[in-house]
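Structure first, then comments.
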Amino acid sequence: MTNVKVLLIGGGAREHAIAEALVRSNFEPKLYALMDVKNPGIKRLVEKSGGEIVQGKSKDPNLAAEVAGKFSVDFAFIGPEEPLFHGVCDAIEDVTGIPCVGARQKPAQIEQSKAFMRRLMWKHNVGGRLRFKAFLTVQDAIDYIDEYAESVAIKPARQAGGKGVKVIADVQAYLSDEKKAVKEKHAQAVFEEHMKPYDDIEDRILIEERVEGPEYTAQCFTDGNIVEVMPLVQDAKHAFEEDIGPETGGMGCISGKDGVLPFITAEEKEGSIKIVQQLINAVEKEVGEKYKGIVAGQMMLTDAWGPTIIECYSRFGDPEGTSVLPLLKTDLVEISEAIIGEKLHKINFEWEDRATVVKCIAPKGYPRRRNLAKDHPIAVDIKEIENLGGRVYFGSVSEENGQLLTKGSRAVEIWTDGENIVEASRKAESCIPYVKTLDGWGLFHRKDIGSPELLKKRIELGELQRECFKYRKAKGLVGRRIDWIPGKGKLEYVS
Ligand code: GLY
């Protein structure tokens, strides 16, 4: 294939990393981009490739189809989830006939609706099913909370930018009333606050059984038939060190050599891939369309199930995608063509065998007071960072009149590699001072991502869950549940 033209949709750090992987293809594609704000990193790559940028709403299906048609691209690569939920792939494919790397609207429900994903798992017997209930009204959720004293996760029923998830341990009877009050208050907040912007799914509140363990992300390419897993990654969700503070889109992540993490074994990775594969098969059966693009299992190693899926992404995670894309040695244009043509089994996947760390740098105010984190001029010394062995991926930054301005979220992601995660983390720390605001506004990042102390904590938690799971498995307890139905008594079953 020569003179390849690719349209990239989306303008964050993840899309910057996708753009970089696309333009290093042997096909030397012309890259076009549709993005909401002018990401300076993507802009540079597009210009160098001879393509063009369109600034506009990346989740607008009509605009996406118009742009793809205008440039007659060979295919479109969709980065973020919202364009998928809004039917951007459907519009591009159906209106112009141009294929997409990205899930169509119906299969993308596995991320858009957490309730859809859970129902799918139970209906199609996908491994690692968590008990759940989805509610249409806040009163129904409150009635349920009143009836059952359980440890639960209360979430928006839709993907809501990673916000609004609260995990509540309810294990001491003497605190049960207080815990009930916390649960009810949170169900209310999910209904009134987190789900407020969304009217594209019916379910509002999801209550799931609470599980514990180290989390990790299994990102995969899929052509709808097979899934090809990438090196495992762990994202650090909380804003501040020691995993405290509000949840963010992710403050950085780690990946280890051999495609695994120090707290997840190759066998557990295999178990995770199996679950993602089952989900891909199940979604096709359910909606009658193949899932083509990127799919990721947001996994947890639990004592109940071993590898368990907590949530599903219909795209690369951000920053998880930034972690692994620089390691990809196989040509991303070739992979994209294989996804589209359902020939992924023919691709020989190769990755650099390095540990990586990504550290996100955000303006103070993020994530709760984004208005305060907005419109600060920044300077990034890319040359110095590259001299130190790092790479810069621009996130929520816009280039306006020659100036880089923060846009309220994570502004820059610094990627580094090493023989091990600790080495990569130290390298990343040396790069941090080369990102500065020019108006004195504060920036923050998490020093502890990839530190020996945090790794030790993750390894210990992993060992505990692994041992408990092995014990349960040996005793034939995996999947055995007992529910207490008030007025009826004990219900024992195997799920
Ligand atoms: N890092 C979490 C996400 O991409 O949703």
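Just follow the structure's listing: the first ligand is 1, and inside any ligand the first atom is 1. Sequence positions, counted from 1, serve as the residue numbers for this chain. Everything numeric here is computed off the predicted structure, so don't read it as measured data.
- Note: Tyr216 and Phe263 fail the aromatic proximity criterion, with ring centroids not under 6.0 Å apart.
- Side chain to side chain, Glu286 and His124 meet the donor-acceptor criterion of an N or O pair below 3.5 Å.
- When all heavy atoms of Ser255 and Ile421 are compared, the closest pair comes out as O-CG1, 3.5 Å.
- Among protein residues, Asp235, Gly249, Tyr313, Arg315, Gly317, Asp318, Pro319, Glu320 come within 4.0 Å of ligand 1, judged on heavy atoms.
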message = If you apply the rule ring-ring contact (aromatic ring centres under 6.0 Å, His included), what do you find for Phe349 with Phe221, and how did you get there?
response = CA-CA 11 Å; Phe349 279 88; Phe221 295 106; 5.6 Å; yes
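- The only member of Arg118, Met121, Lys114, Met117 that meets side chain to side chain contact (heavy atoms under 4.5 Å, CB included) when paired with Phe132 is Arg118.
- Atom CZ of Arg131 is surrounded by more than 12 heavy atoms from other residues, nucleotides or ligands within 6.0 Å.
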